[in-house]
Structure formats: C-alpha cells, structure tokens
Number of protein chains: 2
Amino acid sequence: MNDDPHHTLSATSDDRSPDLRAEAFQGVRAARSRELAEDYVELIAELIHAQGEARPVDIATRMGVTAPTVAKTLDRLARDGLITRAKYRSIFLTEEGRALAKECRHRHDIVLRFLLSLGLDPETAERDAEGIEHHVSERTLELFAAFVARS
Amino acid sequence: MNDDPHHTLSATSDDRSPDLRAEAFQGVRAARSRELAEDYVELIAELIHAQGEARPVDIATRMGVTAPTVAKTLDRLARDGLITRAKYRSIFLTEEGRALAKECRHRHDIVLRFLLSLGLDPETAERDAEGIEHHVSERTLELFAAFVARS
DNA sequence: GCGAAATGTTAGCCAAGGCTAACAATCTGC
DNA sequence: GCAGATTGTTAGCCTTGGCTAACATTTCGC
C-alpha cells in the first residue's frame with residue numbers, strides 16, 4: 001500500500017499529485033459553501049413539521065445566531081430558489097428546498113445512526129453528525145448505512 | 001430508543017432543547033473557522049518534511065487557490081502565532097503551529113484509516129477525510145481508532 | 001553577472017456570514 | 001381597540017477567504 005521506506009510522517013502518507021490534492025480541497029470548499037443552506041433548509045422543514053410553520057425567531061434560537069443574521073441568510077436562500085417568503089410572514093420551502101431538506105435529513109439520519117451504532121453517546125453523536133453530514137460522499141454514506149444495518 | 005408515536009419525520013428525530021441545538025451549531029461554526037488554519041498548518045508541516053521547506057507557490061498549488069489568497073491567509077496564520085515568515089522567504093511553523101500540525105495529522109490519519117477499514121476506495125477516503133477530520137470529537141476519534149485496531 | 005522566468009507581495013474588488021443599533025410591523029392582553 | 005411586548009427588517013459595520021491586475025524580488029540559465 002505504501003513502500004516509502006521512511007514512514008516518518010504517518011502510516012498513511014499522502015503521495016497524491018498536487019492536482020488531485022487541489023481538487024479535494026476545492027471539493028471541501030464547495031461543501032462548506034453549501035453547509036449553511038443545508039442546515040437552514042433542514043431546520044425549516046423540521047419546524048414546519050413540528051409547529052406548522054417556520055418563523056425567523058425560532059430559526060435564530062435554534063441556530064444560535066441573531067435575528068438579522070437569519071434575515072440575511074433567508075434572503076440568500078430565497079434568491080437561490082430554496083424558499084419563498086413575504087415580509088413579516090413565515091417561511092415556505094420551494095419544491096427544490098423540500099427536495100434538499102429530504103436529502104439532508106436522510107444523510108443526517110444515516111450519519112447519526114452510524115455514530116450511535118459505533119457506541120457514541122447520543123449528545124456527542126448529534127453534535128458530530130451536524131458537522132460530518134455535509135462532508136460524506138455517496139459511497140461513504142452507503143458504507144455507513146450498511147454498517148448500521150449489519151449491527 | 002425513541003418512543004415518539006408519530007415517527008413521521010425520521011427514526012432519529014431531534015427533540016433536543018433549542019439551546020442545546022444552538023450550542024451544537026455554534027460548535028460547528030467554531031470548527032469551520034479553524035478548518036482552514038488546520039489545513040494550512042498540516043500542509044506546511046508536510047511540505048517541510050517532504051521538501052525541506054514550505055513555499056507559498058507549493059501551498060497554492062496543493063490547496064487549489066491563487067498566490068495572493070495564500071499570502072493573505074499566511075498573514076492571518078502569522079498574526080495568530082502559528083507560523084513565522086519573512087518577506088520573500090519560506091515559511092516556518094512556531095511551536096504552537098507544530099503542535100497543531102501534529103494533532104491534525106493524527107486526526108487525519110485515524111479518520112483516513114477508519115474509512116479505509118470500512119472498505120472505501122483510497123481516493124474517496126482521502127477526499128472525505130479532508131472534510132470530516134475537522135468535525136470529529138475526541139470521543140468519536142477514539143471509537144474510530146478502536147475500530148481500526150479491531151479490523 | 002545579466003536578462004528572463006519564476007515566485008512573492010500589494011492593492012483593491014467581491015460575497016458570505018457574523019454582529020449591533022434603530023426602526024417597523026404584528027400580536028396579545030386587557 | 002390600544003399599549004406594550006414580541007417579532008421582523010434595515011442599515012451599517014466587521015472578518016474571512018476568494019479573485020485579478022500590477023508590481024517587486026529572487027532565482028536560474030547561459
């Protein structure tokens with residue numbers, strides 16, 4: 001797997017070409033730029049389900065940010081076609097937003113259940129899942145799901 | 001594990017208090033703000049090991065960004081005490097930078113080996129590890145390491 | 001050792017995602 | 001139905017992390 005005789009840095013030293021490496025980082029950056037939108041859409045879907053509507057104040061509370069930050073982010077989501085909103089009214093997901101929410105929920109669920117299967121306590125599992133879910137490829141997700149099913 | 005009779009949203013519905021939820025997101029945001037610094041420091045350590053020195057041009061190539069972006073980021077790292085640099089000279093890690101690099105390398109290794117143990121192909125494993133490593137708690141890391149050792 | 005190529009820096013632009021302060025609208029209780 | 005509380009918006013500021021264009025320095029080839 002690795003015939004570097006030195007082996008000093010690590011047992012999994014990264015000998016990929018700089019280009020491949022650069023691609024990986026670009027992928028990570030792309031994922032990062034989607035993360036916030038995914039978190040919002042997922043939360044909005046949840047609020048609509050749980051309370052019948054999604055209000056900025058509830059989003060702010062649950063995201064741990066201030067109301068103006070929520071307003072600005074919601075404007076971006078609307079611009080990007082994920083939600084619709086009217087002044088002083090609660091928020092609705094577009095078809096596209098609902099699709100994204102569903103997909104995120106699915107990924108979140110699998111990651112969370114995977115971590116729980118490994119034996120992680122629920123609170124840490126929830127925290128880690130929140131961060132990890134946006135960085136898991138389709139292939140990895142399948143492996144996680146298979147592991148959960150097997151356990 | 002979950003006695004919610006509805007069970008309509010998901011098998012792992014999130015009934016944490018809004019405050020706990022907000023904390024989780026704050027943690028994720030904190031992790032995000034550290035990510036770039038960690039990636040740079042890790043890469044700088046690697047370059048120093050592999051080539052004897054870390055030059056901005058190599059960082060730019062491997063991170064997939066332009067030279068001015070690297071320059072600006074390096075200024076922030078210097079401001080934050082992770083590296084030292086002189087104009088037109090190559091980059092050095094401070095004691096603190098070296099410690100961070102070591103820690104990151106360790107986390108990266110475990111996550112990567114864990115993904116490989118699950119049966120993921122090396123290229124995808126490397127890509128996913130890059131994104132995941134910053135969002136894995138100490139507890140989770142231990143579980144990953146234990147899994148690798150067991151397999 | 002000089003000129004060209006490679007590398008590094010500076011200036012200035014942009015968008016995202018935070019914040020506070022100030023104001024506007026809606027909702028609630030009486 | 002109005003006053004006060006709650007909620008929502010707007011304006012303006014900041015940092016981060018991207019970019020291009022322009023310029024400065026260093027290094028390399030000969």
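Worth knowing before you read on, the calculation uses all heavy atoms, side chains too, and leaves out hydrogens, waters and symmetry mates. Throughout, a chain's letter reflects where its sequence line sits, starting with A, and its residues are numbered from 1.
- Spacing between atom CG of B/L74 and atom C1' of D/dT16 amounts to 14 Å, rounded to whole angstrom units.
- Along DNA chain C, the stretch of nucleotides lying under 4.0 Å from any heavy atom of chain A spans, 5' to 3', C/dA16 to C/dC27.
- Among residues at least two apart or in separate chains, salt bridge (charged side-chain N to carboxylate O under 4.0 Å, His left out) pairs with a member in residues 59-77 of chain A are A/D58-A/R62, A/D75-A/R85.
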| task | Give the B/S/- string for nucleotides 23-29 of chain D, one per nucleotide from 5' to 3', where a protein heavy atom under 4.0 Å of the base yields B, of only the sugar-phosphate yields S, and otherwise -. | result | -BSSS--
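- Using cut-offs of 30° and 60° on the angle between ring planes, the pair A/F114 and A/F144 is parallel.
- A side chain to side chain donor-acceptor pair (under 3.5 Å) with B/H134 is found for exactly one of B/E35, B/H108, B/E38, namely B/E38.
- Contact between A/A145 and A/I110 at its shortest, heavy atoms only, is N-CG2, 3.8 Å.
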| task | Go through the steps to decide whether B/H106 and B/K102 satisfy the test side chain to side chain contact (heavy atoms under 4.5 Å, CB included), and finish with yes or no. | result | CA-CA 6 Å; B/H106 179 240; B/K102 191 176 167 188; 5.9 Å; no
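- Rounded to whole Å, atom C1' of D/dT16 lies 16 Å from atom CZ of B/R34.
- Salt bridge annotation for A/E46-A/R105: present, with a cationic side-chain nitrogen under 4.0 angstrom from a carboxylate oxygen.
- No contact: A/R32 has no heavy atom under 4.0 Å from any strand.
- Remark: B/V65, B/T66, B/P68, B/T69, B/K72 in residues 60-72 of chain B come within less than 4.0 Å of DNA chain D through at least one heavy atom.
- No side-chain heavy atom of B/D39 sits less than 4.5 Å from a side-chain heavy atom of B/L43.
- Applying the salt bridge (charged side-chain N to carboxylate O under 4.0 Å, His left out) test to residues at least two apart or on different chains, the pairs with a partner in residues 129-149 of chain A are A/E130-B/R16, A/R139-B/D121.
- In this structure, A/R55 reaches the sugar-phosphate backbone alone: every heavy-atom distance under 4.0 Å involves primed, P, OP1 or OP2 atoms, never a base.
- A/R85 has a side-chain polar atom (N or O) that falls below the 4.0 Å cut-off from OP1 or OP2 of D/dT9.
- Listed pair A/R29 / D/dG18 meets the phosphate criterion, a side-chain N or O lying under 4.0 Å from OP1 or OP2.
- Scored by the side chain to side chain donor-acceptor pair (under 3.5 Å) test, B/T94 finds no partners at all (sequence neighbours excluded).
- By the 4.5 Å heavy-atom criterion applied to side chains, A/F25 and B/V65 are not counted as neighbours.
- Put simply, the side chain of B/L36 reaches to within 4.5 Å of the side chain of A/R32, judged on heavy atoms.
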